[in-house]
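First up is the structure itself, then whatever we jot down about it.
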Amino acid sequence: MIEVKNISKSFISPKKYPGLKGTIKGLFSNEKVEKVAVNDISFSIGEGEIVGYIGSNGAGKSTTIKMMTGIMVPTSGSCLVNGVDPCKKRNENAKNIGVVFGQRTQLWWDLPLSESFTILKEIYDVSDEAYEERMEFLNKVLELNEFFDKPVRTLSLGQRMRADLGAALLHNPKVLYLDEPTIGLDLVVKENIREAIKEINEKYKTTVILTTHDIGDIEELCRRIIIIDKGTKIYDGTLEHLKEIYGTKRSISVEVRQYDKVKDIAFDELLQVEKDAYETEYDGEKSVFTISFDKRKIKVPQILSILMERVDVKDVRIEETQLEEIVKQIYLEQKEQAVEELEAAANE
Ligand SMILES: Nc1ncnc2c1ncn2[C@@H]1O[C@H](COP(=O)(O)OP(=O)(O)OP(=O)(O)O)[C@@H](O)[C@H]1O
Ligand SMILES: [Mg+2]
């Protein structure tokens with residue numbers, strides 16, 4: 001459905017100098033700097049997939065989406081969406097895709113939403129019959145009726161996002177691009193938007209590419225994620241696999257009445273591991289003892305049997321590293337690596 005091959009995008013902008021003097025100097029200087037926003041990225045996405053496209057601020061997510069939608073021309077590389085080059089055949093491509101940029105609306109600000117929809121119906125050449133059917137579905141999943149006659153500028157953020165999503169889907173596109181579709185929304189609206197995306201994907205096999213900073217979106221919607229950092233792809237695979245390779249921590253929390261007994265357990269000797277293979281914590285107020293460890297070195301049943309044998313355990317909770325932690329760790333690692341590279345370059 002989507003074939004992105006070695007796509008890159010650089011921006012050339014005037015060199016900036018610090019301070020007011022610098023600003024003035026900049027005005028008279030011809031020096032330019034090149035910023036590589038997307039650097040040689042390739043991937044392909046099949047029909048009906050929902051792919052999370054994630055990375056820290058400025059990583060190049062929106063730039064990639066813009067190239068895939070045909071808004072921006074790549075500096076090099078190619079992109080095909082349903083067999084169409086989005087930059088060369090913009091009209092043909094427009095029929096295949098729907099786009100939502102969470103940061104700004106695609107709708108006519110002063111017009112009632114209903115009129116925006118009528119205009120889009122004409123633009124996309126949607127038949128009356130198809131329109132009726134489509135609206136019925138969109139009303140069901142996005143509840144647009146609530147505010148269908150209000151001007152877009154009077155809508156709340158959550159309503160506007162539902163309206164934008166509805167508008168992007170009116171012509172039943174094969175591919176839906178969502179750039180931060182849940183940004184700034186409360187939990188309930190977020191959940192509604194996610195449900196709507198799920199339903200659309202299931203019912204129409206719509207391919208969805210979604211950028212987000214909300215790990216909840218990813219966990220609920222995407223089986224596959226692509227992570228980019230400073231314009232380069234650093235991961236492309238399933239969420240489970242990512243958790244497997246990065247999520248090496250487990251923790252077990254048990255509610256115990258006799259902490260004295262737990263305190264004296266020599267886990268390192270019993271498990272024959274180094275002391276730094278695990279960490280323990282005790283919350284006196286809740287009588288909860290927590291032990292966190294590397295799952296490659298220690299197994300959950302080992303800990304449980306040690307505890308069960310020695311103390312009366314009331315309640316047990318086992319947790320894996322949260323995806324949020326994993327993503328944070330990946331972003332941090334990339335940052336550290338970059339700093340190291342810079343330092344190495346400076347020392348040369
Ligand atoms: N039109 C432009 N002119 C110059 N530089 C740009 C332009 N658009 C983006 N950039 C730069 O390219 C880089 C990538 O930007 P992009 O908007 O793709 O990031 P992003 O991953 O979407 O980030 P965020 O999570 O903050 O939305 C940034 O350094 C940005 O400043
Ligand atoms: Mg962005």
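Counting starts at 1 for both ligands and their atoms, in listed order.
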- request: Only counting residues at least two apart or in another chain, list the ones meeting side chain to side chain donor-acceptor pair (under 3.5 Å) with Glu34.
  value: Ser10
message: Keeping Thr69 on the side-chain end and Ile65 on the backbone end, is there a donor-acceptor pair under 3.5 Å?
response: yes
message: Distance to the ring centre below 6.0 angstrom and angle to the axis at most 45 degrees; does that hold for Arg134 and Tyr204?
response: yes
- request: Give a yes or no on whether the ring-centroid distance for Phe293 and Phe267 is below 6.0 angstrom.
  value: no
field: Under-2.8 Å protein N/O/S neighbours of the Mg ion (ligand 2), ordered by chain then residue number
entry: Ser62 OG
- prompt: Do other residues, nucleotides or ligands put more than 12 heavy atoms under 6.0 Å from the CG atom of Asn91?
  reply: no
query: What distance separates Ile41 CD1 from Cys79 SG, expressed to the nearest 0.5 Å?
result: 11.5 Å
For ligand 1, which of its N or O atoms have a protein N or O partner closer than 3.5 Å, and how long is each gap?
residue  : atom   : partner : partner atom : Å
ligand 1 : 18 (O) : Ser62   : N            : 3.4
ligand 1 : 18 (O) : Thr63   : N            : 2.9
ligand 1 : 18 (O) : Thr63   : OG1          : 2.5
ligand 1 : 19 (O) : Gly60   : N            : 3.4
ligand 1 : 21 (O) : Ala59   : N            : 3.2
ligand 1 : 21 (O) : Gly60   : N            : 2.9
ligand 1 : 21 (O) : Lys61   : N            : 2.8
ligand 1 : 21 (O) : Lys61   : NZ           : 2.9
ligand 1 : 22 (O) : Ser62   : N            : 2.9
ligand 1 : 22 (O) : Ser62   : OG           : 2.8
ligand 1 : 23 (O) : Gly58   : N            : 2.8
ligand 1 : 25 (O) : Asn57   : ND2          : 3.2
ligand 1 : 25 (O) : Lys61   : NZ           : 2.7
ligand 1 : 25 (O) : His213  : NE2          : 2.7
ligand 1 : 26 (O) : Asn57   : ND2          : 2.9
ligand 1 : 26 (O) : Gly58   : N            : 3.4
ligand 1 : 27 (O) : Glu180  : OE2          : 3.4

message: Taking Ser42's backbone N and O only, do any of them form a donor-acceptor pair with Lys233's side chain (distance below 3.5 Å, no angle check)?
response: yes
- prompt: Can we call the ring centroids of Tyr259 and Tyr282 under 6.0 Å apart?
  reply: yes
- request: Tell me, please, which residues at least two apart from Thr211 pass side chain to side chain donor-acceptor pair (under 3.5 Å).
  value: Asp179
